[in-house]
Structures are given as C-alpha cells and as structure tokens.
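For reference, the structure discussed in these notes is given below.
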Amino acid sequence: MPKDTDMLDDRGMKTKWTAADIPAQVGRRVLITGGNSGIGFEAALELARKGAEVILPARTQAKAEEAAARIGKQVPRAKVYPETLDLADLTSVRAFSKRVMERFPGQSLDLLINNAGVMALPTREVTVDGFERQFATNYLGPFALTGLLLPAMKVRAGSRVVTVSSGASKQGKIDFENLQSEREYKPMFQAYAQSKLADLLFAQELQRRLTAVGSPIISTAAHPGFAVTNLQGDHLGAGMKILTAVLKPFLAHDAAHGALPTLYAAVAAEAVAGGYYGPNGVGEMKGYPVAVPLAPGAMDEAVARRLWVESERLTGVQFGALSAVAMVGGLD
Ligand SMILES: NC(=O)c1ccc[n+]([C@@H]2O[C@H](COP(=O)([O-])OP(=O)(O)OC[C@H]3O[C@@H](n4cnc5c(N)ncnc54)[C@H](OP(=O)(O)O)[C@@H]3O)[C@@H](O)[C@H]2O)c1
C-alpha cells in the first residue's frame, strides 16, 4: 500500500501533502501569531518537531508559556520562546516587535506566519486604537507587524511571510466608506469577510512589492477550510453557533489537518511567490493542501494599492522601500 505522502496525481504531483513532508527546519527561526490555539498551535508544533526555533506570542504570557509547555511535552528538545502580543493594540504590536528585534538582532527571521484571528463577534467592538476588532486583529495588526518585522527577515530564498485568510474572503468586499463597520455591522459576511479579503489583498500586494524591489523573500497565503478550533467558541451569536454545529460533522476536519495549508504555504518547496493554498476537498472545506483560486475581489490591484496606503495611514507603519513601490502602479 502506498503511504499518504507517496500518492501522485497525473502530473506527478503529490496529492496528499502532510506534516511528514515538512523539510528539516533546523537553524530556521519562525514567528507565528495565535500559536497557543487551533491551527496556529498545530503549525507551531510541527515546525518545532522539524527543528525550527519558534517565537510564540499569545495575548498573555501565561497562555504563551502554557502552549510552549504543551509543545515541549511532545517535542522535548523544542526551542520555543513564549511572548506577549495583542494584535488589536498597536502599542502592543510595536512593543512586541521591538522586543523581538532586540532579542534576535539583525536579519534573523526565516518565517513570519500571520495566523491569529477572531471571527464573527456578535456585536461591533472597538479596539483601544478606535478600529473595529475583527479588522484590527485579522488585518491591521498583522499588516503593522509585518511592516515592523520585515527588516528582521533574512533576505534570502526560503524566507516567507504567510498570511492566513479564509474561504469567507469570497463573500468579502472592501468598503472604504465602512472599513471600520461603523455604518453597517454584520459579524460574519461583512466584517469578518472584509478582514479576510483584506488579508488576501495584502498578501498579493506584498508579493508585488517584494518582486518590484527584487527581494527573494516571498509572500504566500493559506486558508484552513473548516477546522474545529476555538474560532467557533462561545463568543459566536446563536445563528452562527447553530450553523457551525450543524455543518461540523459533515464538512470539518481537525485543527492538525486545518494547519496543513498554512504549513504548505510556509515551507513546501512547491509553494510559489503569491501562491494561495487551501484544502482539496469539496468546497475547500477539508482535505490536503493544494493551490486554490483567489477570491475575485483579491485580484483587484487598484483596491490592493489603495488599501495598502490606507493601512499605512491607519497604523502609522511604513514598509520602508516597499512603500515607494505604490508610486510605480500609481495611486487611485
Ligand atoms: N477554524 C477555521 O475553520 C478557520 C476557517 C477559516 C479561517 N480561519 C483562520 O485561521 C486562523 C486561526 O484560527 P483558529 O481556527 O486556529 O482559531 P483559534 O483556535 O481561536 O485561534 C486563534 C488564535 O488567534 C489568537 N488571537 C485572537 N485575538 C488576538 C489578538 N488580539 N492578538 C493576538 N492573538 C489573538 C487567539 O488567542 P486566544 O487564545 O487568546 O483567543 C488564538 O491563539 C484565523 O486567522 C482564522 O480566521 C480558521
């Protein structure tokens, strides 16, 4: 019997890429947000198992330490650095980035995985910076973190920024008149979907800008399909709770499988600059990682450029040389 990982399609490509296919990560340093829970934890665990050093920030130091201990139980030699980061607070994002750069000076990161997120908060919440919480956590925080830490990434092939989006990006629309959902707030198919479409637009625009300056660092994106995690936790409204409970038994996979597209985007040799990866099953809900189509809205370069400029303005974080690239395409 062939092993999962030995199965090939008619083009000779592996049809079932699993954690066993992760190349050795010894000597590589990874930073993954949301690594204390769900698919982020599973991704951190597998990268540690392959020898990567993992910087693992959580919303509290205790949560980060608890996750590091859980990894340590399975991978006794793991090097995990617990840290504190609240992506919904730009002061925290700046302070965390500064600590990372002080502790690991120079170009020292191989992988930055923007995984953390929140979904479908039933009522509109506003962060300390005055942003809608889903847009802040899922998009603006990761945008700022990437801008602040890009100078810390190793400028060589193999360095990647991975952004975790969602199938909900297909329902998303970037409404520049309602970015913070102050005019209209629908938890899932407007606010969450907008934030996850913003993630994809960012991943694509980041790649265009890296290409324009000749950087070997690449930007990729992934979505987990439907993975059973704390994302569908107690915070959901009654409607979403019922919907996820009904669909779970048929459509969902576990967090370990949900982590595979992220891991593929992060380390698979087959993943390409600007690539987007998700599960290969029906409706991209579960299965093994493959290249998946971008939401149509994620291919609009004018929207991507405008969103980038707006995000620099909102966060106050500039991307150095990459910011100047906006002028090449022209601003709308
Ligand atoms: N599960 C799915 O079916 C699914 C589908 C599509 C996309 N996704 C995406 O996958 C990613 C991971 O989600 P998951 O399913 O693994 O859910 P999860 O188990 O709830 O994990 C989310 C992680 O994000 C962290 N987080 C939330 N707010 C944060 C903040 N302000 N600052 C820093 N970290 C914060 C959480 O920390 P706490 O533990 O403190 O809450 C947790 O570690 C998310 O981006 C999500 O949108 C998931």
Side-chain angles (χ1 to χ4, degrees), residues 31-45 56-67 70 82-93 95-96 113-121 125 127-129 131-142 144-145 162-172 187-188 191-200 202-203 221-236 240 243-244 247-248 251-263 265 276-279 281 283-286 292 295:
L31 195 167
I32 180 162
T33 65
N36 65 299
S37 174
I39 66 172
F41 175 79
E42 297 295 335
L45 173 65
L56 194 157
R59 281 197 269 193
T60 65
Q61 191 67 20
K63 281 187 185 185
E65 281 169 14
E66 183 273 335
R70 264 190 292 149
E83 252 290 355
T84 313
L85 167 67
D86 182 352
L87 284 160
D89 177 349
L90 290 173
T91 304
S92 170
V93 175
F96 167 73
I113 305 180
N114 287 313
N115 160 77
V118 285
M119 182 181 83
L121 303 176
E125 293 177 22
T127 67
V128 285
D129 302 307
F131 305 136
E132 186 277 316
R133 182 169 297 280
Q134 294 187 75
F135 197 64
T137 308
N138 300 352
Y139 173 64
L140 287 175
L145 184 70
V162 182
T163 304
V164 178
S165 180
S166 164
S169 59
K170 293 194 182 101
Q171 274 80 43
M188 183 73 187
Y192 180 70
Q194 176 173 252
S195 72
K196 288 294 165 179
L197 176 59
D199 284 336
L200 275 189
F202 167 63
H223 81 84
F226 184 0
V228 180
T229 66
N230 289 337
L231 204 69
Q232 308 96 21
D234 288 339
H235 66 277
L236 291 185
M240 282 300 295
L243 186 67
T244 54
L247 296 179
K248 242 181 220 177
L251 295 178
H253 52 183
D254 60 22
H257 282 86
L260 292 177
T262 300
L263 287 164
Y276 180 42
Y277 304 95
E284 296 173 25
M285 289 292 182
K286 59 180 175 178
V292 291

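Order of listing sets the numbers, starting from 1, for every ligand and every atom in it. The residues of the chain are indexed from 1 along the displayed sequence.
- At the shortest separation from atom 18 (P) of ligand 1 among protein heavy atoms lies S37 OG, 3.5 Å.
- When heavy-atom distances to ligand 1 are checked against a 4.0 Å cut-off, Q232 comes that close only through its side chain, counted from C-beta outward.
- A donor-acceptor pair is defined here as one N or O able to donate and one able to accept, closer than 3.5 Å; no such pair exists between the side chain of T137 and the backbone of G117.
- Of all the atoms in ligand 1, the ones that sit under 4.0 Å from a non-hydrogen atom of N36 are 37 (O), 38 (P), 39 (O), 42 (C), 43 (O).
- Among all protein heavy atoms, the one lying closest to atom 15 (O) of ligand 1 is T229 OG1, 2.6 Å.
- Nearest protein neighbour of atom 23 (C) of ligand 1, counting heavy atoms only, is G34 CA, 3.7 Å.
- Close contacts between ligand 1 and N230 involve ligand atoms 19 (O), 20 (O) [criterion: under 4.0 Å to a heavy atom].
- Protein heavy atom in closest approach to atom 41 (O) of ligand 1: R59 NH2, 2.7 Å.
- Side-chain contact check for S195 and N138: at least one donor-acceptor pair (N or O, by modelled atom type) lies under 3.5 Å.
- When only non-hydrogen protein atoms are considered, atom 16 (O) of ligand 1 lies nearest to I39 N, 2.9 Å.
- Counting heavy atoms from C-beta outward, N114 and D199 have side chains that stay 4.5 Å or more apart.
- L85 counts as a contact of ligand 1, since one of its heavy atoms falls under 4.0 Å from the ligand.
- Two residues are said to be in side-chain contact when any heavy atoms from C-beta on lie closer than 4.5 Å; H223 and Y276 meet this criterion.
- Residue-level proximity to ligand 1 for P224 is carried by the side chain, the only part with a heavy atom below 4.0 angstrom.
- Contact annotation: for Y192 versus ligand 1, heavy atoms closer than 4.0 Å belong to the side chain alone.
- Atoms of ligand 1 found under 4.0 Å from any heavy atom of D86, numbered from 1 in the order shown, are 30 (C), 31 (N), 32 (N).
- Counting atoms of ligand 1 from 1 in the listed order, those under 4.0 Å from a heavy atom of A227 are 1 (N), 2 (C), 3 (O).
- Checking side-chain atoms of Q134 against main-chain N and O of P187 turns up a donor-acceptor pair under 3.5 Å.
- Of the heavy atoms in L87, both backbone and side-chain atoms come closer than 4.0 Å to ligand 1.
- Contacts between N115 and ligand 1 below 4.0 angstrom, taking non-hydrogen atoms only, involve backbone and side chain alike.
- Which parts of ligand 1 touch A116 is read off a 4.0 Å heavy-atom cut-off, strictly below it: atoms 24 (O), 25 (C), 26 (N), 34 (N), 35 (C), 45 (O).
- Relative to atom 22 (C) of ligand 1, the option among A67, G117, G38 with the closest non-hydrogen atom is G117.
- Contact check for Q232 versus K248: side-chain heavy atoms found under the 4.5 Å cut-off.
- Looking at L31 and F96, their side chains come closer than 4.5 Å, going by heavy atoms from C-beta outward.
- When D199, T244, L231 are ranked by how near their heavy atoms come to atom 20 (O) of ligand 1, first place goes to L231.
- Residue contact check: T137 has heavy atoms under 4.0 Å from atoms 28 (N), 29 (C), 30 (C), 31 (N) of ligand 1.
- One option in G225, P261, A259, G258 has a heavy atom closer to atom 5 (C) of ligand 1 than any other, and that option is G225.
- Against a heavy-atom cut-off of under 4.0 Å, K196 is close to the following atoms of ligand 1: 44 (C), 45 (O), 46 (C), 47 (O).
- In this structure, D86 contributes its side chain and S92 its backbone to no donor-acceptor pair below 3.5 Å.
- Under a 3.5 Å cut-off, the side chain of Q61 and the backbone N or O of P82 do form a donor-acceptor pair.
- The shortest distance between side-chain heavy atoms of L197 and Y139 does not fall below 4.5 Å.
- Exactly one residue among N230, N115, T229 makes a side chain to side chain donor-acceptor pair (under 3.5 Å) with S37. That residue is N230.
- Taking 4.5 Å as the limit, every side-chain heavy atom of D129 sits out of range of all side-chain heavy atoms of L140.
- You'll find the side chain of L200 stays beyond 4.5 Å of the side chain of T163, heavy atoms only.
- With atom 7 (C) of ligand 1 as the reference point, the heavy atom nearest to it among S165, G167, P142 is part of S165.
- Residue contact check: A88 has heavy atoms under 4.0 Å from atoms 31 (N) of ligand 1.
- Between K63 and ligand 1, a contact under 3.5 Å exists for at least one N or O pair.
- Checking side-chain atoms of K286 against main-chain N and O of G258 turns up no donor-acceptor pair under 3.5 Å.
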